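Below, each value reflects all heavy atoms present in this structure, side chains not excepted, and no hydrogens, waters or symmetry copies. This one's a predicted model, so the numbers in the text were calculated from it and none came from an experiment. Just so you know, ligand 1 is whichever comes first in the structure, and atom 1 is the first atom listed for that ligand.
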Amino acid sequence: MTLFKKVSGVVLATAVLCTGCSKAPKGEERFASFPTYNGQDLELTVDDSGTHFALWSPEAQAAQVLLYDSDVDSPVVETLDMKKGDQGVWRASSSEQLYGKFYTFRIKYDGKWLDETPGIYAKAVGTNGKRAAIIDFASTNPPSWDLDRGPAIDNITDAVIYEMHHRDFSIDSTSGIQNRGKFLALTEPDTRSPQGARTGIEHLKELGVTHVHILPSYDYNSVDEAHPELNQYNWGYDPWNYNAPEGSYSTNPADPAARVREMKEMVKALHDAGIGVVMDVVYNHTANNDDSNFSLTAPGYFYRHREDGTYSDASGCGNETASERQMMRDYIINSTKYWAQEYHIDGFRFDLMAIHDIETMNQVAAALKEVNPDIFIYGEGWTAGDSPLPVEQRALKENVAKMQGIAVFSDDIRDAVKGHYSNEEDRGFATGKPGNEETVKIGIVAATAHPQVDYSKGNNSKFAYASAPTEVVNYVSCHDDLTLTDKLAKSMPGSTEADRQRAARLAQTIVFTSQGTPFMFAGEEVFRDKKGVHNSYKSPDSINAINWELKTKNADQFKYYQELIKLRKSHPAFRMTTAEDVANHIVFDDVTEPNVVSYSIIDNANGDEWKEIKLVFNGNTTPITTTIPAGNWTIIAQDGNLKASGLGKTRGGKMTVPPTSALILAQ
Ligand code: CA
């Protein structure tokens, strides 16, 4: 098993096994010459004539299907020899419908039988995903599944994304949830904290987010599903079976249908609440190298290699997949389509997306839009190490304009607002460090070209990489690195909690009023922390769990987030969809003070009822004075308070903007 840690899109290996590196590949030309197969019947189909197995393995010398009665520790009940057919596909059939049975494949390669594998397309698996299962998928559908739909959405910029780990969200006893840490946690209505605050799905509805982004929920490798009593925790960036749900999130990992049914019930409950589901997908690497399911199916083919034949490692986890090869590209397309069709997933977040090539990402987006035009895609536009894939082909942040219907995370706004992601003490605009003003402006215009934004002064990016605001996702924290709460504690020595909550409000106000799509980390709305642990990928619940008593303790903070989300959702001016609109409707004020950004959104932008919105962000620890043109303004935000419907009225003129706060006016 490969253990790894993941730092702000940078995955660093702590222990990498590469047992077969020395003998792995024999040249890229060999893989290019492989026959490919684009049929939709790979690995398993069940129909009236029986059960059919089809394994793509062009270099296998022999192949078998091994049938079992149970998911682990039981003898083979039957072995089917497969016959090689066209296009590198081996086939075997049984005249029976083998529902209830389990199976693996094994191939003979280089003269010896490799270990068994459930294959790469297994859609149902038993404990720890070692054996694939034959189940009737129709029986896993919740009532009215045919009618289930995610929320309609015109553009990704209309989404408010909430990134959540299943265990973080519900494992603490203060969640009041029965199925703590499970898919089913998100199906329980009317759950409450000890103080009576809403938790679970009711909390999400109360907060107002449109989409929940769930951390990896496909079957991953690190948590031993046979021992739930050990309370193991992992983020799940160690993929094992891409097309089956993770067993530790189900109530019974040994029952292959349970995890499928329960994940669908979760999706259905969220959809019924008007909330969409985004899946975090990690096709860029696998948990293991030579003994991954890819390697045991078609050795070498699915990975990139260095010239010396070793696995290249743009993921920092010991390997990287080869999306430019037809069968890997088809695999990503087929797998995401499967999740969209079978589980009604509404969006996909691609981990280390730049390991994939641009062409693959464009084909994925096009295929998903055919399934459901409302599906959106975003990803990390970077790699964690160098890759043999040429830079110009990588799905990098800088190449996002070459991709259709895909957005990238803005590390620009992230680092400018709160300070550098990995330098814990570093401060940013919201915590009083000058020099970030122009990069905050880059965030406000979603990295599109704007006559008043000087990209040469950008901290992270030196050109307008986005061709539309729909290509950028804005955030100040996510599962990686310090939580916003911890970052503020580390970078604001001597501050009070009230000071830090005020800084968090300013930081998120900048994110949620910027063009592009806002994204937040679960629990920030109750000022959750992770006890200063920046890389909690396998930390215990005591670090990762959200304590829902915070919702009452920090009720004012929650209320602020709620109003901020309401403001964004009720005003299209914050959700423009073209670079032209942004350039025409956003006007920055000339400001001489450091650590101040002031601008207007003018002329009923994007059809907004408000003719003009004035925003002044003061990141200083001292008050500033600003002059607001005379008018009949409604005060939306002032001195650390925000109300979407207005806090009061002003005629403009000279106004004070208190330390670490936003002034927002509208008319
Ligand atoms: Ca697993």
Side-chain angles (χ1 to χ4, degrees), residues 1-6 11 17 43 68 70-73 102-104 115-133 135 140 164-171 179-185 214-264 266 279-289 291-297 317-319 335 338-339 342-343 345 351 479 537-541 544:
M1 190 182 79
T2 304
L3 296 176
F4 61 88
K5 57 182 182 176
K6 188 162 184 306
V11 189
L17 299 182
E43 300 198 1
Y68 297 93
S70 69
D71 64 334
V72 287
D73 298 332
F102 294 80
Y103 67 93
T104 61
D115 289 345
E116 293 170 49
T117 170
I120 63 175
Y121 273 101
K123 297 181 171 77
V125 295
T127 308
N128 287 326
K130 300 303 179 198
R131 293 176 183 172
I135 66 168
T140 65
M164 167 204 297
H165 185 284
H166 296 291
R167 233 179 139 85
D168 289 23
F169 191 68
S170 62
I171 198 67
N179 292 286
R180 294 185 293 128
K182 307 294 184 191
F183 292 128
L184 290 181
I214 48 175
L215 258 65
S217 298
Y218 52 73
D219 180 34
Y220 60 79
N221 194 37
S222 49
V223 168
D224 184 353
E225 299 173 7
H227 293 287
E229 75 284 0
L230 297 178
N231 287 315
Q232 305 151 86
Y233 181 98
N234 205 285
W235 284 344
Y237 293 92
D238 53 339
W240 192 252
N241 290 292
Y242 284 104
N243 292 342
E246 162 61 16
S248 65
Y249 298 142
S250 90
T251 57
N252 183 4
D255 174 0
R259 60 180 79 188
V260 176
R261 185 185 312 114
E262 291 170 7
M263 187 165 171
K264 287 179 176 177
M266 176 198 77
M279 247 181 91
D280 192 340
V281 289
V282 190
Y283 297 105
N284 65 76
H285 76 274
T286 53
N288 291 16
N289 289 352
D291 51 352
S292 74
N293 295 324
F294 281 142
S295 293
L296 295 174
T297 300
C317 295
N319 61 69
S335 179
Y338 173 70
W339 285 106
E342 185 69 30
Y343 290 85
I345 295 297
D351 186 67
H479 69 279
Y537 78 103
K538 61 170 186 177
S539 298
D541 295 331
N544 282 308

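Considering only residues two or more places apart in sequence or on other chains, Tyr242 meets the side chain to side chain donor-acceptor pair (under 3.5 Å) condition with none of them. Here Tyr220 pairs with Tyr249 under the side chain to side chain donor-acceptor pair (under 3.5 Å) rule; sequence neighbours left out.
The distance cut-off of 3.0 Å around the Ca ion (ligand 1) captures these protein N, O or S atoms, sorted by chain and number: Asp219 OD1, Tyr220 O, Glu225 OE2, Glu246 OE1.
Screening residues 223-234 for salt bridge (Lys or Arg N to Asp or Glu O under 4.0 Å), with sequence neighbours left out, gives Glu225-Arg259.
Results of the side chain to side chain donor-acceptor pair (under 3.5 Å) test with Asn234 over Ser222, Ser539, Ser248 single out Ser222 as the only residue that passes.
Not one N or O on the side chain of Asp71 forms a donor-acceptor pair closer than 3.5 Å with the backbone of Phe102. Panel note: side chain Asn293, backbone Trp240; a donor-acceptor pair is recorded below 3.5 Å.
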